[in-house]
Amino acid sequence: MINDDLWASISLEKPSEHIINNHFFEENIINGRFVVNSIGATAAATDIFFLENAGRSFKDSELEFSNFDYEFPSDSDIMGGFNLIKEDYKGALLQDTKMIQSEFDNFEQRFVPILQKHAGQLSLDVNNLYSGSYLESRVHQSNASQVGGFRVFMKWYPMSSLFDGSVVTKDTLVVLFYDPYHLVFPVENARPFVNVSDSSYNIHLRNKYYDYIPTELRRIIKKL
């Protein structure tokens with residue numbers, strides 16, 4: 001859970017102590033002042049938006065990453081994950097979410113290169129890619145005995161910071177991309193890249209599932 005000092009710093013009841021920009025949080029995470037294993041965000045206190053670019057799929061053999069769907073039938077894990085997001089996007093994305101921790105998660109070796117490849121034409125400030133701003137959500141049924149492999153990666157914009165040129169009035173999470181096969185930070189029991197990267201995996205997630213995402217929640221931006 002979020003450290004009490006951090007929670008106090010973003011409390012709605014103490015506006016003078018709000019986090020006012022990303023650097024405050026990033027610098028304190030890096031300096032070890034906050035230890036964050038999971039985030040206690042609630043649906044009422046959090047806004048979530050989806051980058052239009054988030055539905056873009058890509059494959060990279062060197063990084064051993066792919067997030068294309070199977071041509072037919074749809075991959076059951078992908079369909080299940082997006083069905084949960086469609087039913088209750090905040091519930092699906094907030095119930096099992098943790099901050100990426102650079103010392104444990106190979107942030108610079110895995111996450112940053114994949115994010116840069118996925119971004120396409122979206123401008124990234126590579127000098128400000130700190131692990132403390134990014135979250136990994138495991139999307140699964142709340143009563144599931146196995147959480148499965150469907151992952152969603154998001155960026156956290158603390159309340160009163162800037163997103164897309166505007167000050168956010170709540171803590172805001174922005175969906176960056178999907179990792180349906182658990183390949184960003186793979187584990188032993190995840191499906192290997194070779195099993196999800198042949199020519200039959202060629203369907204962009206955007207083309208198949210982005211009708212599930214309400215238009216008012218989707219954002220087109222030029223710089224992250």
Side-chain angles (χ1 to χ4, degrees), residues 22 26 48-71 74-75 77-79 81-82 84-85 89 92-93 97-102 104-139 148-157 163-164 172-187 190-213 217-224:
N22 293 341
E26 292 160 351
I48 298 179
F49 298 112
F50 298 75
L51 291 188
E52 198 72 33
N53 190 58
R56 172 179 176 264
S57 295
F58 87 100
K59 177 170 60 178
D60 189 286
S61 297
E62 183 177 344
L63 290 170
E64 294 192 344
F65 179 86
S66 176
N67 59 358
F68 281 97
D69 193 7
Y70 194 73
E71 185 171 11
S74 296
D75 185 274
D77 286 344
I78 293 179
M79 182 179 293
F82 274 105
L84 290 173
I85 292 170
Y89 70 98
L93 295 174
T97 301
K98 73 179 185 70
M99 295 287 181
I100 297 175
Q101 300 180 70
S102 59
F104 301 118
D105 290 327
N106 293 322
F107 176 75
E108 293 184 359
Q109 292 77 21
R110 293 290 300 163
F111 178 78
V112 171
I114 290 171
L115 177 61
Q116 289 174 323
K117 289 273 189 177
H118 186 273
Q121 299 301 311
L122 182 63
S123 175
L124 294 176
D125 185 350
V126 296
N127 294 318
N128 286 317
L129 290 176
Y130 297 120
S131 61
S133 295
Y134 296 92
L135 295 89
E136 176 184 6
S137 177
R138 306 194 298 180
V139 177
F150 195 102
R151 302 292 189 268
V152 179
F153 287 90
M154 302 178 285
K155 184 171 182 179
W156 180 26
Y157 291 85
F163 167 61
D164 195 24
T172 298
L173 301 178
V174 179
V175 173
L176 303 175
F177 68 93
Y178 303 91
D179 176 22
Y181 309 120
H182 200 354
L183 294 176
V184 174
F185 304 128
V187 294
R191 278 187 281 180
F193 169 75
V194 67
N195 288 2
V196 295
S197 59
D198 64 38
S199 59
S200 59
Y201 286 84
N202 58 16
I203 304 300
H204 277 270
L205 301 180
R206 175 177 55 209
N207 297 343
K208 199 163 191 177
Y209 294 104
Y210 253 43
D211 286 344
Y212 286 20
I213 310 299
L217 299 178
R218 290 150 65 169
R219 295 291 184 271
I220 298 174
I221 64 175
K222 294 181 178 180
K223 184 176 182 180
L224 185 64

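A quick note: this is a predicted structure, and the numbers were derived from the prediction, not measured.
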Candidate pair V175 and M154, rule side chain to side chain contact (heavy atoms under 4.5 Å, CB included), full reasoning: CA-CA 4 Å; V175 173; M154 302 178 285; 3.9 Å; yes

Test item: M99 and L135 side chains (from C-beta on) under 4.5 Å apart, heavy atoms: yes

Check: R56 main-chain N/O paired with H204 side-chain donor or acceptor under 3.5 Å: no

Donor-acceptor under 3.5 Å (N195 side chain, P192 main chain): no

Reported CD-to-CZ distance for the pair E52 and F50, which is rounded to 0.5 angstrom: 11.5 Å

Main-chain N/O of L63 paired with R110 side-chain donor or acceptor, under 3.5 Å: yes

Any side-chain heavy-atom pair of K155 and F163 under 4.5 Å: no

Close side-chain approach of F49 and I221, heavy atoms under 4.5 Å: no

Gap between atom CD1 of I114 and atom CD of Q116 - 0.5 Å precision: 10.5 Å

Close side-chain approach of Y212 to Y89, heavy-atom, < 4.5 Å: no

With F193 via ring-ring contact (aromatic ring centres under 6.0 Å, His included) - residues at least two apart: none

Worked check of side chain to side chain contact (heavy atoms under 4.5 Å, CB included) between L183 and V196: CA-CA 10 Å; L183 294 176; V196 295; 4.0 Å; yes

Test log, rule side chain to side chain contact (heavy atoms under 4.5 Å, CB included), inputs Y134 and L176: CA-CA 10 Å; Y134 296 92; L176 303 175; 3.6 Å; yes

Pairwise side-chain contact, I78 with Y181, heavy-atom cut-off 4.5 Å (strictly under): yes

N/O donor-acceptor pair under 3.5 Å between N67 side chain and F58 backbone: yes

Backbone N/O of I213 and side chain of R218: donor-acceptor pair under 3.5 Å: yes

Residue pairs fulfilling salt bridge (charged side-chain N to carboxylate O under 4.0 Å, His left out) with at least one residue in residues 195-208, sequence neighbours excluded: D69-K208

Close side-chain approach of L217 to I48, heavy-atom, < 4.5 Å: no

Value rounded to 0.5 Å, distance of CG in D179 from OG in S137: 11.5 Å

Short side-chain to backbone donor-acceptor contact, K59 and S197, under 3.5 Å: yes

Sub-4.5 Å side-chain heavy-atom contact between S133 and W156: no

Side-chain heavy-atom pair Y70, I203 within 4.5 angstrom cut-off: no

Side-chain donor/acceptor of S57 to backbone N/O of L205, under 3.5 Å: yes

Geometric class of the H118/F177 ring pair [parallel <30°, tilted 30-60°, perpendicular >60°]: tilted

Rounded distance [0.5 Å steps], CZ in R138 versus NE2 in H182: 7.5 Å

Residue that, paired with Y178, satisfies ring-ring contact (aromatic ring centres under 6.0 Å, His included) out of Y209, F82, F153: F82

Those residues that, when tested against R191, pass salt bridge (Lys or Arg N to Asp or Glu O under 4.0 Å) (two or more places apart): D75, D77

